[in-house]
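The structure under discussion appears below in the form of structure tokens.
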2 protein chains.
Amino acid sequence: MKDINDMPGHLVRRLQQIAVAVFHAQVESAGFDLTPVQYAALVRVRTHPGIDQATLAGLIAYDRTTIAGVVDRLVQKGFLTREVSGTDRRARVLRMTETGEAALDRIEPAVETAQKLILSGLDEAEATEFMRLLRKATDAANDFSRAPLRQVSGDPGNAK
Amino acid sequence: MKDINDMPGHLVRRLQQIAVAVFHAQVESAGFDLTPVQYAALVRVRTHPGIDQATLAGLIAYDRTTIAGVVDRLVQKGFLTREVSGTDRRARVLRMTETGEAALDRIEPAVETAQKLILSGLDEAEATEFMRLLRKATDAANDFSRAPLRQVSGDPGNAK
DNA sequence: TACTGATGATCAGCATACTGTCAATTCGAG
DNA sequence: CTCGAATTGACAGTATGCTGATCATCAGTA
């Protein structure tokens, strides 16, 4: 390993940096100002209405602390509501607003475009293989980070 | 694309998150407190003594603004020196200190280990292919980010 | 030489992400 | 049922990374 350009860590960071830039550009041209994390959180709250912050963090593999700030900003934008759970007063229950639903519908095409652009250097077969390897690598190393992916029991998660 | 887990952007972020965590753990167990960016900067300053901050930023594909803070912390740790260039008074010239050299030598094995751990879910052939695709994708999308990789003229860069 | 555009560095500001710590609350073992 | 462990959310602190702006300096040209 003579060079940092031969290191997976460095290249992965590079691609992630590119992915964020592309995401921003696409979403902005759709008329919205939403970060990748905010988008992931929105999508998950829509599929899991009434989810609490800690469970949401596990589903998208983010740290609890980070999610608090993300949710703050989504509430501020009027895309989410957050209220104390009736069954567990520690937990804050998250739900999408009408505004959030509408925004997500309009943002989704931009996000699709962004995903294609990120791998625009690869042909279709390469992209498929790349995704398979990405999934395999992240699955195997899931517990190396403080914020591992945690499936909810009964949740299909990554299954097709 | 039914799910965020099928999106390259999401998976790349995940792997990057894992890579940073693994890097931290390994470097810490070697007795140092250095981030991936700081490491990349150190390596590049060693191979390019007397480099200025903007060129350094281009070589490791970071934003100029980000590098300023990184260099600040490396100077504070005593790993780098920063002084005004004699030929261009706008530029700050960077050089490694003895301390920095010594630290880098001791950190390198930990970084090697980290790189292996990041792809520990893949066998050797898969890892090689994954790296090839990573490089291809990042090369193609290089200019999508504000901080593209910029080779110095006459610099071998990524060549073997 | 004076002007213009490009470049290097810095600053303010925003949004991740992490560690570590804490308080409030819930839950399970005895 | 009670007490200790676990969980949820929050806060402080640090380090990336980005955008947009400003300032000093340099280089090429009229």
Side-chain angles (χ1 to χ4, degrees), chain A residues 9-10 13-14 16-25 27-28 33-41 51-58 60-77 82-94 144-148 150, chain B residues 9-10 13-14 16-25 27-28 33-41 51-58 60-77 82-94 144-148 150:
Chain A
H10 186 74
R13 181 202 65 81
R14 236 351 242 126
Q16 209 261 330
Q17 177 185 47
I18 289 166
V20 171
V22 169
F23 185 98
H24 260 114
V27 168
E28 186 176 324
D33 177 27
L34 210 70
T35 67
V37 206
Q38 292 173 8
Y39 174 77
I51 198 174
D52 66 283
Q53 291 185 187
T55 310
L56 172 62
I60 56 182
Y62 279 92
D63 195 88
R64 278 208 325 276
T65 306
T66 303
I67 286 302
V70 173
V71 168
D72 271 349
R73 286 178 280 273
L74 286 173
V75 168
Q76 199 134 36
K77 287 179 191 200
R82 167 170 50 183
E83 44 188 54
V84 174
S85 164
T87 57
D88 184 343
R89 289 217 308 276
R90 293 170 304 179
R92 305 298 145 93
V93 159
L94 306 175
F144 290 170
S145 81
R146 162 164 156 171
R150 290 152 65 90
Chain B
H10 186 74
R13 182 202 63 83
R14 227 7 231 122
Q16 209 261 329
Q17 177 184 48
I18 289 166
V20 171
V22 169
F23 185 97
H24 260 115
V27 169
E28 186 176 326
D33 178 26
L34 209 70
T35 67
V37 207
Q38 292 172 8
Y39 174 76
I51 198 175
D52 66 283
Q53 291 186 184
T55 310
L56 172 62
I60 55 181
Y62 279 91
D63 195 89
R64 277 207 325 276
T65 306
T66 302
I67 286 302
V70 173
V71 169
D72 270 350
R73 288 178 279 274
L74 286 173
V75 169
Q76 199 134 38
K77 287 179 192 202
R82 167 171 49 183
E83 43 189 54
V84 175
S85 163
T87 58
D88 184 343
R89 288 219 308 276
R90 291 170 305 179
R92 305 299 145 92
V93 160
L94 305 176
F144 289 170
S145 81
R146 163 166 153 169
R150 291 154 66 91

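To find a chain, count down the sequence lines: A is the first, B the second, and so on, and within it residues start at 1.
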What's the CG-P distance between A:L74 and C:dA15, to the nearest Å? 11 Å
Taking any heavy-atom pair under 4.0 Å as a contact, classify A:T35: base, sugar-phosphate, or nothing. sugar-phosphate
Of all heavy-atom pairs between B:G9 and A:A19, which one has the smallest distance, and what is that distance? CA-CB, 4.3 Å
Looking at residues at least two apart in the chain, or sitting in another chain, which of them share a side-chain contact (heavy atoms from CB on, under 4.5 Å) with B:A54? B:D52, B:R64
For C:dA17 and B:Q17 - does any side-chain N or O of the residue sit under 4.0 Å from the phosphate oxygens OP1/OP2? no
A:T65 side-chain proximity, nearest of D:dC18, D:dA10, C:dT10: D:dA10
Calculate the interatomic distance between A:F23 atom CZ and D:dC18 atom C1'; express it in whole Å. 15 Å
Using the test side chain to side chain donor-acceptor pair (under 3.5 Å), find all partners of A:S85 that sit at least two apart in sequence or belong to another chain. A:T87
According to the Watson-Crick and G-U wobble definition with distances under 3.5 Å, which dot-bracket string, read 5' to 3', encodes DNA chain C, using [ ] for crossing pairs and | for pairs with another strand? ||||||||||||||||||||||||||||||
Contact class for B:V70 (heavy atom, under 4.0 Å): base, sugar-phosphate, or nothing? sugar-phosphate
Please report the shortest heavy-atom distance between A:Q17 and B:Y62, naming the atom on each side. NE2-CA, 4.3 Å
Can you name the ring pair (Phe, Tyr, Trp, His ring centres under 6.0 Å) partners of B:F23, sequence neighbours left out? B:Y39
side-chain N/O A:Q38 vs C:dT16 OP1/OP2, d < 4.0 Å: yes
Within the pair B:Y62 and D:dT16, is there a side-chain N or O less than 4.0 Å away from OP1 or OP2? no
Quick one: list whatever passes salt bridge (charged side-chain N to carboxylate O under 4.0 Å, His left out) with A:R89, sequence neighbours left out. none
Would you say B:Q53 places a side-chain N or O within less than 4.0 Å of OP1 or OP2 belonging to C:dT7? no
Please check the phosphate of D:dA10 (OP1 and OP2 only) for any side-chain N or O of A:R82 closer than 4.0 Å. yes
Roughly, in whole Å, what's the span from CG in A:D52 to P in C:dT26? 13 Å
Could you tell me which non-hydrogen atom of B:A61 sits nearest to which non-hydrogen atom of A:R13, and how far apart they are? O-NH2, 3.4 Å
Nucleotide of C:dT10, D:dT16, D:dC11 approaching B:R92 most closely (side-chain heavy atoms): C:dT10
Rounded to whole Å, the CG-P distance (B:D63 to C:dC11) equals 15 Å
Let me know the distance between CD of B:Q76 and P of D:dT14, rounded to the nearest Å. 11 Å
N/O to N/O distances under 3.5 Å, protein versus nucleotides 23-25 of chain D:
residue, atom, partner, partner atom, Å
D:dT25, O2, B:R90, NH1, 3.2

The criterion is salt bridge (charged side-chain N to carboxylate O under 4.0 Å, His left out); which residues satisfy it with B:R90, sequence neighbours excluded? B:D88
Quick check on C:dA17: is either OP1 or OP2 less than 4.0 Å from any side-chain nitrogen or oxygen of A:R64? no
Which residue lies more 5' along DNA chain C, comparing B:V93 with A:R73 via nearest heavy atoms: B:V93
In the structure I gave you, are the side-chain heavy atoms of B:L34 and B:K77 within less than 4.5 Å of one another anywhere? yes
Residues at least two apart in sequence or cross-chain that pass side-chain contact (heavy atoms from CB on, under 4.5 Å) with B:V20, listed by chain then number, are B:Q16, B:H24, B:P36
I want to confirm an ordering. Mapping B:K77 and A:E28 to their closest nucleotides on DNA chain D, which one lands closer to the 5' end? B:K77
Rounding to a whole Å, what distance do you find between A:D33:CG and D:dC18:C1'? 12 Å
I'd like to check the side-chain contact (heavy atoms from CB on, under 4.5 Å) partners of A:A41; sequence neighbours left out, ordered by chain and number. A:L56, A:I60, A:V70, A:L74
Would you kindly give the CD-to-P distance between B:E83 and C:dA9, to the nearest whole Å? 13 Å
Could you tell me the separation between the CD atom of A:Q16 and the P atom of D:dT16, rounded to a whole number of Å? 15 Å
When you get a sec, tell me which of D:dG17, C:dA17, D:dT8 is the closest nucleotide to the side chain of B:T66? D:dG17
